[in-house]
There are 2 protein chains.
Amino acid sequence: MAVNAGQAPAGVPDPPSGKRLPAAERRRQLIGIGLQLLTERPLGEITVEEVSRRAGISRGLLFNYFPTRRDYHLAIIRAAMRRMSRIAEPPEEVAEDMRVKVVIERFVAFLERRRDPYVAIIRGVAGGDAEVAEIYAESRNLLVGVVLRALGRRPTPALELLVAGWLGFVEETVLTWVNRPVMPRHELVRLLERALLAIVERRTAPRDLPNGPAA
Amino acid sequence: MAVNAGQAPAGVPDPPSGKRLPAAERRRQLIGIGLQLLTERPLGEITVEEVSRRAGISRGLLFNYFPTRRDYHLAIIRAAMRRMSRIAEPPEEVAEDMRVKVVIERFVAFLERRRDPYVAIIRGVAGGDAEVAEIYAESRNLLVGVVLRALGRRPTPALELLVAGWLGFVEETVLTWVNRPVMPRHELVRLLERALLAIVERRTAPRDLPNGPAA
DNA sequence: ATGCCTTGTTGAGCAGTGCTCAACGGAGCA
DNA sequence: TGCTCCGTTGAGCACTGCTCAACAAGGCAT
């Protein structure tokens, strides 16, 4: 409310922002502001008023770039998800047998650092919102692919289901652990890896041989 | 919007609702309406206007019972969570070695039936919202207790962490499975149980004997 | 330069929503 | 008959999402 207590229309824009930016750049600026604000509070509390004030533009202009507040929020979520996938993305030059561990470590680190905005996205808007759920599912599929590749396993529907579930396990575990670190970090990572291996162990189909066919 | 298209102040109240209910009953009625609406859309889209219209009262009256819209929402969440815990609650007369399976089956059934409202609660409001997160954590701890009791294991911080994580695993798995049932139901339950047993297997502390102390 | 056109930008203003508050009125009781 | 709770009302304020007609700053042809 009384952030800078300025009644002047200047209102302390975040970048001095001469004026009349090219469309693409203004879009990026607005999304950037949204991402920044998202680290402080949930999407639902990010008002058009504040965003436009920070951008140094009028409220009306925002609706020239995003037809609705909802669309603006979707754009922010998309950007945040892209960022997350990129961060957890494969380590490349890491040795085969260490990939899983590295992926987990990166994901844990990400959840640790960006806990609030992540929670704000994942748990903050997805409810009953088809489009957001779709964006979330899309990004989660990306992560599933990353994990499967790190595991060196070919994707099958059942395996994808298991890994997706494991991601939920990681989310919940890490988020709980952050609030109450009942064990050192490396142990948590080991635990997550053990769980993953146990969950995707080769014998999900009960009618096959217990050792799996042709290991 | 044009639900019943009535301009008359009567507005089709849900129960004919004579008038002047005792306070406690009115509270229950309002929360009940909220729970019902929650099955149709996320909390954020449940407006005071609609609730009061359905209750056949004025908008102002709602604020006599809940000082703020947020408080009203919190009350709804609390009620929904209580309901959920009660449903998954221990089966009592079930044989020891079947308890885990039964709990899982009940939880899966719950997620299947009330998928939308559950998602609307769990993922719908928790973001960046300390109080909601607390309610959620509280209710999740209840479930952790249920599972641990079904397992016949004494609660320790590490075990609680694991089971909480497993609940996340169940959530994610079941919710994904509902959209794309890549395996029959009983197999999913079996899978969830296997995952739980694998996750809480007795050797979480790496410095102890691999068999655990004094099994 | 001059006028024109594209296009980013504005600001007043409407509608809807959360919330407040002074006043109302029916039920019970002396 | 009058008094007093207490559940209830409804006007109204502040704020926010959103619209729209008008504006102004370059670039382009003349």
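The figures that follow rest on heavy atoms only: side chains count, while hydrogens, waters and symmetry mates do not.
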Separation of atom [atom1] in [X] from atom [atom2] in [N], rounded to whole Å:
{"X": "B:L21", "N": "C:dA27", "atom1": "CG", "atom2": "C1'", "value": "14 Å"}
{"X": "A:R26", "N": "D:dA25", "atom1": "CZ", "atom2": "P", "value": "15 Å"}
{"X": "B:R53", "N": "C:dG16", "atom1": "CZ", "atom2": "P", "value": "12 Å"}
{"X": "A:N64", "N": "D:dA22", "atom1": "CG", "atom2": "P", "value": "17 Å"}
{"X": "A:R27", "N": "C:dT7", "atom1": "CZ", "atom2": "P", "value": "17 Å"}
{"X": "B:R20", "N": "D:dC6", "atom1": "CZ", "atom2": "P", "value": "10 Å"}
{"X": "A:E25", "N": "C:dT7", "atom1": "CD", "atom2": "P", "value": "17 Å"}
{"X": "A:E45", "N": "D:dC15", "atom1": "CD", "atom2": "P", "value": "16 Å"}

May I ask you to verify if any side-chain N or O of B:Y65 is less than 4.0 angstrom from the OP1 or OP2 atom of D:dG7?
-> no
Contacts under 3.5 Å, N or O only, protein and nucleotides 19-21 of chain C:
| residue | atom | partner | partner atom | Å |
| --- | --- | --- | --- | --- |
| C:dC19 | OP1 | B:T68 | OG1 | 2.4 |
| C:dC19 | OP2 | B:T68 | OG1 | 3.3 |
| C:dC19 | OP2 | B:R69 | N | 2.4 |

A:E138: salt bridge (charged side-chain N to carboxylate O under 4.0 Å, His left out) partners, not counting sequence neighbours =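 Expected list: none.
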For B:R69, check salt bridge (charged side-chain N to carboxylate O under 4.0 Å, His left out) against everything at least two apart and list the hits.
->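 Partners of B:R69 by the salt bridge (charged side-chain N to carboxylate O under 4.0 Å, His left out) criterion come out as none, since no residue qualifies.
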For residues 157-170 of chain B, which side-chain donor-acceptor pairs fall under 3.5 Å, sequence neighbours excluded?
| residue | atom | partner | partner atom | Å |
| --- | --- | --- | --- | --- |
| B:E160 | OE1 | A:R180 | NH2 | 3.2 |
| B:W166 | NE1 | B:L192 | O | 3.2 |

Mind checking what makes ring-ring contact (aromatic ring centres under 6.0 Å, His included) contact with B:F66, not counting sequence neighbours?
-> B:Y72
Name each donor-acceptor pair under 3.5 Å that joins a side chain in residues 74-82 of chain B to protein atoms two or more places apart or in another chain, with its distance.
none

Residue pair A:I57 / A:L30, side-chain heavy-atom distance below 4.5 Å |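 Yes - at least one pair of side-chain heavy atoms lies under 4.5 Å apart.
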Heavy atoms under 4.0 Å, any strand shown: does A:S58 hit a base, just sugar-phosphate, or nothing?
->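 It contacts base atoms.
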